[in-house]
A.B. asks: 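Sharing a structure, written as structure tokens. Questions coming.
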Amino acid sequence: MKKIFVYGLMLCTAAFGFTSCNDDEDQLTDTRVTNYIVLTLNGNEVMYVEAGSDFVDPGCTAELAGEDVTSKVTVNNPVNTNEIGPYVITYSAVNEDGFAAQAYRYVYVGSPVVAKVAEGSYRQTWNDDGSPKAQVAWSGYSLFMLTDGNGKYWTEDLLGGYYYLRAGYGSNYAMEGFLQVNEDNTVDIAGSNGVPGWGDDYDDFQNGVFDPAANTISYDIVYAGMDFNVILNLNE
């Protein structure tokens with residue numbers, strides 16, 4: 001009789017456990033059906049705009065289950081045609097259940113230039129006594145640049161693609177920035193976004209020169225204790 005009671009208790013416990021588990025599953029199951037908003041860009045996903053010109057965003061349309069809901073779209077448009085560089089326009093819309101949809105347009109202000117890292121570009125490191133420790137040459141990598149036509153350039157990597165392209169680390173290890181060619185053909189740095197992957201920026205910028213005959217920009221930029229001599233051939 002005692003054995004029958006114990007077995008019966010075990011069966012009841014197991015049955016209770018299965019019932020509780022099923023109840024939990026029912027509580028966690030969400031059987032709602034939702035329709036997502038579909039965003040469609042008007043015009044091109046990538047646009048080039050001359051610096052100083054007017055820019056009109058072509059916008060986008062939105063559809064929800066066959067219904068036009070373009071009025072629900074919010075737009076974040078940071079494009080400033082007075083400043084060369086890349087911009088991203090973000091279009092967003094949220095349905096009644098709180099699910100968001102986004103679309104993006106990439107706008108480049110300025111005339112595009114494809115520069116090539118010329119022979120002789122190198123990274124130099126130094127010993128404590130100031131003598132050269134190591135020198136690494138690299139060349140042939142193409143960088144995308146923009147110009148306003150008045151001597152100002154945006155480049156996707158002030159470090160000449162050393163980490164971004166040569167080492168293959170990707171664009172998160174490029175230093176986006178601006179170069180200014182002056183009337184006397186000296187070149188100054190006009191701003192930098194630093195290296196996002198490491199969260200730091202350049203330490204010094206020197207010896208910037210534009211050579212009109214060769215159509216090159218060269219400069220020394222010190223980053224993380226290393227001296228990068230970059231020569232950009234704008235003929236490419």
A.B. asks: Classify the side-chain pair E50/S111 by whether it contains a donor and acceptor separated by less than 3.5 Å.
C.D. replies: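 Side chains of E50 and S111: pair found under 3.5 Å.
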A.B. asks: For the side chain of T81 and the backbone of S53, is there at least one donor-acceptor N/O pair under 3.5 Å apart?
C.D. replies: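 Between the backbone of S53 and the side chain of T81 there is a qualifying donor-acceptor contact (under 3.5 Å).
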A.B. asks: For E156 and F144, indicate whether the former's side chain and the latter's backbone hold a donor-acceptor pair under 3.5 Å.
C.D. replies: yes
A.B. asks: Could you grab the distance from atom CG of N193 to atom CE of M175, nearest 0.5 Å is fine?
C.D. replies: 9.5 Å
A.B. asks: Taking the six-membered ring for Trp and the full ring for Phe, Tyr or His, determine whether the centres of F178 and Y153 are under 6.0 Å apart.
C.D. replies: no
A.B. asks: Looking at V230, is its backbone amide N or carbonyl O close enough to the side chain of S218 to form a donor-acceptor pair, meaning the two atoms are under 3.5 Å apart?
C.D. replies: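 No, S218 side chain to V230 backbone: no donor-acceptor pair under 3.5 Å.
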A.B. asks: For residues Y108 and Y48, establish whether the separation of their ring centroids is below 6.0 Å.
C.D. replies: yes
A.B. asks: Just by distance, do the side chain of N127 and the backbone of D129 share a donor-acceptor pair under 3.5 Å?
C.D. replies: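 Side chain of N127 to backbone of D129: no pair is present.
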A.B. asks: Kindly say whether D184 contributes a backbone atom to a donor-acceptor pair with the side chain of N182 at under 3.5 angstrom?
C.D. replies: no
A.B. asks: Between E83 and K152, does at least one N-O distance fall below 4.0 Å, as a salt bridge requires?
C.D. replies: yes
A.B. asks: Out of curiosity, D148 CG to I84 CD1, how far, rounded to the nearest 0.5 Å?
C.D. replies: 5.0 Å
A.B. asks: Apply the hydrophobic cluster definition, ILVMFWY joined by side-chain contacts under 4.5 Å directly or through others, and give me every member besides Y91.
C.D. replies: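 Reading the cluster by chain and number, Y91 sits alongside I37, L39, L41, M47, V49, F55, L64, V69, V73, V75, V79, Y87, I89, V107, V109.
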A.B. asks: Any donor-acceptor pair under 3.5 Å linking the side chain of D188 with the backbone of G208?
C.D. replies: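 Such a contact is absent between D188 side chain and G208 backbone.
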A.B. asks: With a 6.0 Å cut-off on the ring centroids, do Y122 and F228 count as close?
C.D. replies: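 Centroid distance Y122-F228: not below 6.0 Å, so no.
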A.B. asks: Quick check against the 3.5 Å criterion: does S92 have a side-chain atom that pairs as donor or acceptor with the backbone of Q102?
C.D. replies: no
A.B. asks: Is the shortest side-chain heavy-atom distance between T74 and V94 below 4.5 Å?
C.D. replies: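 No, every pair of side-chain atoms sits at 4.5 Å or beyond.
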A.B. asks: Atom CG of N42 and atom OG1 of T61: how far apart are they, to the nearest 0.5 Å?
C.D. replies: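 The distance works out to 5.5 Å.
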A.B. asks: For the CG atom on D54, are there more than 12 heavy atoms of other groups (residues, nucleotides or ligands in this structure) within a distance under 6.0 Å?
C.D. replies: no
A.B. asks: Compare every heavy atom of N233 with every heavy atom of A214, then report the nearest pair and how far apart it is.
C.D. replies: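 So the two residues come closest at O-OD1, 4.2 Å.
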A.B. asks: Among W198, Y173, Y141, W138, find the residue that satisfies the ring-ring contact (aromatic ring centres under 6.0 Å, His included) test when tested with Y163.
C.D. replies: W198
A.B. asks: Verify whether one side chain among N172 and Y164 offers a donor that lies under 3.5 Å from an acceptor in the other.
C.D. replies: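 Their side chains do not contain a donor-acceptor pair, so the 3.5 Å distance test is not met.
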A.B. asks: Strictly by modelled atom types, are D97 and T34 linked by a side-chain donor-acceptor pair under 3.5 Å?
C.D. replies: yes
A.B. asks: Check each of V209, T186, L232 against Y219 using the side chain to side chain contact (heavy atoms under 4.5 Å, CB included) test, and report the only one that passes.
C.D. replies: L232
A.B. asks: With a 4.0 Å cut-off on N to O distance, would you call D57 and R105 a salt bridge?
C.D. replies: yes
A.B. asks: Please say whether more than 12 non-hydrogen atoms of neighbouring residues, nucleotides or ligands are located less than 6.0 Å from CD in E119.
C.D. replies: no
A.B. asks: Side chains of D201 and Y223: closer than 4.5 Å at any heavy-atom pair?
C.D. replies: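 D201 does not reach Y223 side chain to side chain.
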A.B. asks: Are more than 12 heavy atoms, taken from residues, nucleotides or ligands other than D128, located less than 6.0 Å from that residue's CG atom?
C.D. replies: no
A.B. asks: Would you sort out whether V114 and M145 count as a side chain to side chain contact (heavy atoms under 4.5 Å, CB included), showing the intermediate values?
C.D. replies: CA-CA 6 Å; V114 178; M145 300 177 69; over 6 Å; no
A.B. asks: Please answer whether the main-chain N or O of N207 pairs with a side-chain N or O of D220 as donor and acceptor at a distance below 3.5 Å.
C.D. replies: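 Checked: no pair found.
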A.B. asks: Scan side-chain atoms only and decide if Q206 and D204 contain a donor-acceptor pair under the 3.5 Å cut-off.
C.D. replies: yes
A.B. asks: Distance check, rounded to the nearest 0.5 Å: L158 atom CG versus E176 atom CD?
C.D. replies: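 If I round to the nearest 0.5 Å, the distance is 9.0 Å.
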